[in-house]
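For reference, the structure discussed in these notes is given below.
As the structure lists them, so they are numbered: ligands from 1, and atoms in each ligand from 1. What you see is a predicted model; the values in this text were computed from it and never measured.
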Amino acid sequence: MVDTASLQIGDQSVELPIVVGSEDEKALDISKLRAETGYVTIDPGYGNTGSCQSDITFIDGDEGILRYRGYAIEDLAERSTFIESAYLLIWGELPNAGQLNEFSELFTKHQMLREGIKHHFNLFPPNSPPMAVLSSVLNALACYYPELLEINDEDTFTEAAARIMSKVRTIAAYSHRQQQGHHIMYPHPEKSYAENFLHMMFSQPYNEFQPDPELIKALDVIFLLHADHEQNCSTSTVRMVGSSEANLFASVAAGVSALWGPLHGGANVAVVEMLERIRAENLSVSDFVSQVKDKKAGIRLMGFGHRVYKNFDPRAKIIKKSCEEVLAKLNIDDPMLAIAEELEAVALEDEYFIQRKLYPNVDFYSGVILRALGIPKEMFTVIFAIGRMPGWIAQWYEESKSTKICRPRQVYTGPVERSYQPVGQRS
Ligand code: ACO
């Protein structure tokens with residue numbers, strides 16, 4: 001196989017090294033291009049740019065494949081747990097029984113928030129978006145753990161990672177309770193990760209919330225399915241921030257901000273709002289699809305399309321199945337599920353979506369299942385953030401091994417040099 005590619009620019013020819021990944025993905029190494037030719041590459045939205053080499057997650061968007069450290073997402077969703085998969089993502093291998101136990105105990109040890117942190121929640125005004133609260137409080141954790149701001153060894157990293165992963169669900173649940181004006185529920189030392197989150201969200205001091213094990217499993221699977229997705233917008237943000245040697249708290253807080261947008265993690269809210277609108281306006285699915293195709297109103301079929309998947313998002317298939325099971329188990333006849341299924345069926349047969357290779361993504365059914373679990377809409381993207389935390393942490397750690405700050409170039413298109421005019425001389 002060739003190991004360089006030739007690029008001809010006018011009279012100049014340059015050889016670009018070819019980098020090949022373990023799944024045979026090929027890339028041109030252009031890191032010396034500017035030094036050798038004066039040219040940079042331009043790729044708005046980074047659709048064709050590999051920002052790093054990574055061992056963590058593999059996606060084949062054409063085939064609809066997603067693997068964490070080599071393990072198929074379908075296998076992990078069926079047989080693993082969120083915590084075990086988090087260990088896998090962070091440390092590269094599935095844990096043995098002792099390692100899993102030790103890792104789980106760290107979550108119990110670190111699940112409480114310092115009393116000082118609790119006061120932060122009272123300072124946010126009513127109806128504060130939970131993603132803003134989550135990002136702020138994660139950032140504020142840095143003030144409470146100065147010994148974890150510089151990470152030079154595995155033990156300090158483990159401490160910081162476990163604190164963040166454990167506390168993120170406590171912060172998320174507290175923000176919800178505070179917004180509801182409800183008493184804050186402390187985490188329970190004997191409950192599993194997902195169960196504990198539901199406990200902090202829904203128990204009352206006089207009435208412990210005791211969900212069906214299948215619902216706990218469904219939430220655990222949602223966390224697991226969101227745990228990593230290679231160099232997406234929020235993960236690239238985490239790596240970018242981390243590349244300046246900013247601490248782990250600041251980096252994951254930035255990830256939360258990036259995730260918030262409706263083109264990324266906020267899509268699960270946007271999907272439910274779209275389904276609500278279709279229902280409230282009594283629109284037929286085909287009318288709505290026509291509005292999307294028309295493009296004039298700027299309406300997108302939310303929960304459809306993906307930068308990488310040009311085939312089914314494998315997570316969407318798993319969530320759809322889980323969604324149907326949860327609704328059947330709870331005996332819920334949610335009209336949103338029926339609309340979503342009809343939309344999917346119509347879109348998958350429509351030339352507009354076929355031509356553009358637009359398939360349902362992870363967010364298409366996740367909102368419907370979260371509604372069934374009783375999670376309010378404003379918390380959907382927070383759930384995504386809790387799930388994504390191990391991925392951000394693993395990716396931050398991988399990035400921390402490099403000493404290079406991430407710093408893209410640009411092609412400047414503004415005014416060329418001009419001289420300053422005092423205000424009185426300007427027209
Ligand atoms: N509905 C209608 N048309 C769409 C959709 C959609 N959901 N997604 C893409 N298109 C169309 C675009 O209008 C464009 O059409 P054109 O070629 O006629 O101009 C074409 O498909 C390509 O779209 P891009 O925006 O260039 O694709 P990109 O890879 O940049 O965007 C994205 C991917 C942002 C996910 C897009 O598909 C989208 O907006 N989807 C809806 C939001 C969503 O579900 N986001 C969640 C993504 S998954 C995640 O972050 C966890």
task = Can you establish whether the number of heavy atoms outside Glu102 located under 6.0 Å from its atom CD is more than 12?
result = no
Between Phe103 and Phe107, does the ring centre distance come in under 6.0 Å?
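Ring-ring flag for Phe103/Phe107: true, centres closer than 6.0 Å.
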### Task
Measure from the ring center of Phe304 to the ring center of Tyr359 and say whether it is less than 6.0 Å.
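They do not qualify: ring centres at least 6.0 Å apart.
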Salt bridge or not for Lys321 and Glu325, using N-O below 4.0 Å?
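Yes, charged N to carboxylate O under 4.0 Å.
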What side-chain donor-acceptor pairs closer than 3.5 Å can you find for residues 56-63, not counting sequence neighbours?
| from | atom 1 | to | atom 2 | distance (Å) |
| --- | --- | --- | --- | --- |
| Thr57 | OG1 | Asp228 | OD2 | 2.6 |
| Asp60 | OD1 | Asp62 | N | 3.0 |
| Asp60 | OD1 | Glu63 | N | 3.1 |

Contact set, ligand 1, heavy-atom distance under 4.0 Å, ordered by chain/number, equals Leu263, His264, Ala267, Val292, Lys295, Arg300, Leu301, Met302, Gly303, Phe304, Gly305, His306, Arg307, Tyr352, Arg356, Leu358, Asn361, Val362, Asp363, Phe384
**Prompt:** Can a cation-pi geometry be assigned to Lys401 and Tyr397, taking NZ or CZ under 6.0 Å from the six-membered ring centre and within 45° of the ring axis?
**Reply:** yes
